[in-house]
Amino acid sequence: MADISLTFPDGNARSYPRGVTPAEVAASISNSLAKKAISASVDGSHWDLQWPIEADANITLHTMKDDGPALELIRHDLAHIMARAVQEIWPEVRVTIGPVIENGWYYDFDREEPFTPEDLGVIEAKMKEIINRRDPVTTEIWERDRAIRYYEANNEPYKVELVEAIPGDEPVRMYWHGHWQDLCRGPHLQHTGQVPADAFKLMKVAGAYWRGDSSRQMLQRIYGVGFKNRDDLKAYLTFLEEAEKRDHRRLGREMELFHMQEEAPGMVFWHPNGWTVYTELRDYMRRAQRRGGYVEVNTPQVVDRKLWERSGHWDKYQEHMFIVEVEEEHAQEKRMNALKPMNCPCHVQIYNHGLKSYRDLPLRMAEFGSCNRYEPSGALHGLMRVRGFVQDDAHIFCEERQIESETKRFIDMLAEVYRDLGFESFRVKFSDRPETRAGSDEVWDKAERALMAATEAAGYSFELNPGEGAFYGPKLEFVLTDAIGRDWQCGTLQVDFVLPERLDATYVGEDGAKHRPVMLHRAILGSFERFLGILIENFAGRLPFWLAPRQVVVASIVSDADPFVLEAVEALKAAGIRAEADVRNEKINYKVREHSVGKVPVILAIGQREVEDRTVSMRRLGEKGSRVITLDEAVTQLAAEARAPDMP
RNA sequence: GCCGCAGUAGCUCAGUGGUAGAGCGCACCCUUGGUAAGGGUGAGGUCGGGAGUUCAAUCCUCCCCUGCGGCACCA
């Protein structure tokens, strides 16, 4: 048998017999490595210790110290162990798939009775039992027909389908955990005892469609999380609690920002506090757009279906539109309208009024456009997914050759807005042409090149989302990362060659002939509703001073201080600060606690001493101490802080 | 839309086949207290909606609505 050469991370190469396994390689190096090794990377692929290596390769051996491979193996083994536990307890349950996901895994089962939360405890106990058996994990490659016959004989129809779907040139690999067997790509650990028995937890049961297809069987999915040790598991559970505390639905109630109720699902009732933040953010965006060279417009909410037919939305999105039928006594026919789900067709109507010249372009048309979409009931989620919302929407009508400069200009504006709102960095995703699309390849070439060049010119790299563009053009998406590491896709820029065509938008070029403008659909926040939700969660309710609904509460310590408290509030209000008095018959401890819970950034306490000196005792949210300064100083200082980040 | 779970006072939640309870909040009284809950008294509920079973339903059954967790969707 010919030898192969394996190159180690330190650059040294050794020769081994063809078909050597990483386990044997480890053993050839040292006994301790042979014991500690859990898997290998062979030319970048994650490699099971049992798999033979057939050609020269770079090899890295992994131990439990290597987080990436270790966690992947642990979670993958846990998925199998869970499936095995389920079949040991309920032999009639059919198994399907169980991949590793962020922080854990899931496994989908077909079972008549849904799993209950109590079942999870039973399964967990069985899993621990299996781990403690320290069953060996072995693997082999089967003939496709044998695998199909095997699964047919064992009444595992989902597995049959999976085997059939494996491309002909890929091996059909089987894994055993003890006597329990599963179709699996691998790799895995060497025995079940290598999985930490105290660092995993089954989290929830949920329905999930077989192969993600809503027309197919609904399966029962069990989610689990798994880590290398108990502390990591605990840390993760603590993180979940943190996220729970930041939940904007909870904070929205506690801070009296908004509510929703069942008569208007997916629609927001903004309370005075919430509306203050909302309008503050909207005013900020309005200023940003003015600086950015946009004109602002406003278009109708209720629009005849004829326009939606022309724009193509009626065909595609009719089911997701709120339809308004009007019975007019004198009308010959019933008029069917739709609440606008988006603004672009209306903006083209404004564009089309009057002849446009190339001198008018680029024309940047912005609207805080109030849109309604009949979102599927299961999609609704607080402010994050609603049926009535306002976009910071704009359409840039431009010539093809302006796409690049307009894109660059937009990214610069977006970066400034995100920075002002407390997000220092963001990621860019670039989606190029999908399979089915409108427009010629030359036009797509130009548009894609322009978007990429503009992104780079603005100083950003991007991740490629191949084939994910809209049918009408390529798009950029902008993703924020919040304070606890969660991603939120907010901004977008989409090139559109189609809508100007459908709605017959034109301009007169230098050559005196009519041309088609290109439309750039773009938004920075996305929707105000959702973005406010993100802001609330990002700041855990502690909004920056300029956005805080109640910026200052002036609280009396003794009732003799009340007149000065009221005077202080007036002085703050006169300086443009959102201030309230708290002269209730309560102790200062009580008032401090209440307003701290309510996330008021500054509390000014006033007692007898302050009245005499015309001072205030300033306490900032999250700080323990307080500082006594004169009322005048406090007003000057807070007025400066209250200015929005774009104000001089 | 699909699967599962849930809906009791403003909020968080307990509870029962014989029309309901706690804490917080709210109102009033006492207290004037120095930086995260002072004390007392009191008001407050068609138990999500509808139908059914029953002598009797907040409780059991069915349908619907809404919410929550996923899945699917997201112009």
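So that the names make sense, note that chain A is the first sequence line, chain B the second, and so on, each numbered from 1. Side chains included, hydrogens not; waters and symmetry mates left out as well; all remaining heavy atoms used.
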*Measure from the ring centre of A/Tyr317 to the centre of the six-membered ring in the base of B/A75, then say whether that distance is under 5.5 Å and the planes meet at under 30°.*
yes
_Side-chain donor/acceptor of A/Gln220 to base of B/G70, under 3.5 Å_ = no
*So, is A/Lys204 near the phosphate of B/G70, with a side-chain N or O under 4.0 Å from OP1 or OP2?*
yes
*B/A36, B/G1, B/U12: which one has an atom nearest the side-chain heavy atoms of A/Ser596?*
B/A36
*Choose from B/C74, B/C26, B/G33 the nucleotide whose nearest atom is closest to any side-chain atom of A/Arg373.*
B/C74
*Watson-Crick or G-U wobble partner for B/C62, using a 3.5 Å limit on both distances?*
B/G50
*Which one, B/A72, B/G69, B/G38, comes nearest to the side chain of A/Ser214?*
B/A72
*So what does A/Gly212 touch, heavy atoms closer than 4.0 Å: a base, only the sugar-phosphate, or nothing?*
sugar-phosphate
*Closest listed nucleotide, where the reference is the side chain of A/Ser559 and the choices are B/G1, B/U32, B/U12*: B/U32
*Spacing of A/Trp105 atom CH2 relative to B/G70 atom P, expressed in whole Å*: 17 Å
_By nearest atom, which of the nucleotides B/G7, B/A75, B/C73 is closest to the A/Glu262 side chain?_
B/G7
_How many whole angstroms separate atom CG of A/Asp562 from atom P of B/U32?_
14 Å
*Hey, is the side chain of A/Tyr590 poking within less than 4.0 Å of OP1 or OP2 on B/G34, counting only N and O atoms?*
no
*Is a donor-acceptor contact shorter than 3.5 angstrom present between the side chain of A/Arg385 and the base of B/C74?*
yes
*May I ask you to evaluate whether A/Arg627 reaches the phosphate of B/U35, defined as a side-chain N or O under 4.0 Å from OP1 or OP2?*
no
*Any side-chain N or O of A/Arg221 under 4.0 Å from OP1/OP2 of B/G4?*
no
*asked:* Test your reading of the model: is there a side-chain donor-acceptor pair from A/Arg246 to the backbone of A/Glu537, 3.5 Å cut-off?
replied: yes
*Answer yes or no: does a side-chain N or O of A/Ser377 lie under 4.0 Å from OP1 or OP2 of B/G1?*
yes
*For RNA chain B, whose closest nucleotide is more 5', that of A/His320 or that of A/Asp213?*
A/Asp213
_Any A/Asn589 side-chain N or O less than 4.0 Å from OP1/OP2 of B/A36_ = yes
*Contact class for A/Ala206 vs. all strands (heavy atom < 4.0 Å): base, sugar-phosphate, or nothing?*
base
_N or O in side chain of A/Arg619 less than 4.0 angstrom from B/G34 OP1/OP2_ = no
*Protein-nucleotide distance (A/Met255, atom CE; B/G10, atom P), rounded to Å*: 23 Å
*What's the CD-P distance between A/Gln261 and B/C11, to the nearest Å?*
11 Å
_What contact category does A/Lys624 fall into here, base, sugar-phosphate, or nothing, at under 4.0 angstrom with non-hydrogen atoms?_
sugar-phosphate
*Between A/Asp108 (CG) and B/A72 (P), how many Å, whole number?*
10 Å
*Base, sugar-phosphate, or nothing for A/Arg249, non-hydrogen atoms under 4.0 angstrom?*
sugar-phosphate
*Could you check which of B/C71, B/C11, B/G38 has an atom nearest any side-chain atom of A/Glu586?*
B/G38
*asked:* I want to verify a distance call: between B/A36, B/U35, B/G69, whose nearest atom is closest to the A/Ser617 side chain?
replied: B/U35
*asked:* Partner lookup for B/A37, please. Criteria are Watson-Crick or G-U wobble with both distances under 3.5 angstrom; report none if nothing qualifies.
replied: none
*Which of these nucleotides, B/G7, B/U32, B/G67, is closest to any side-chain atom of A/Val558?*
B/U32
*asked:* Quick check for you: among B/A75, B/A36, B/C73, whose closest atom lies nearest to any side-chain atom of A/Ala379?
replied: B/C73
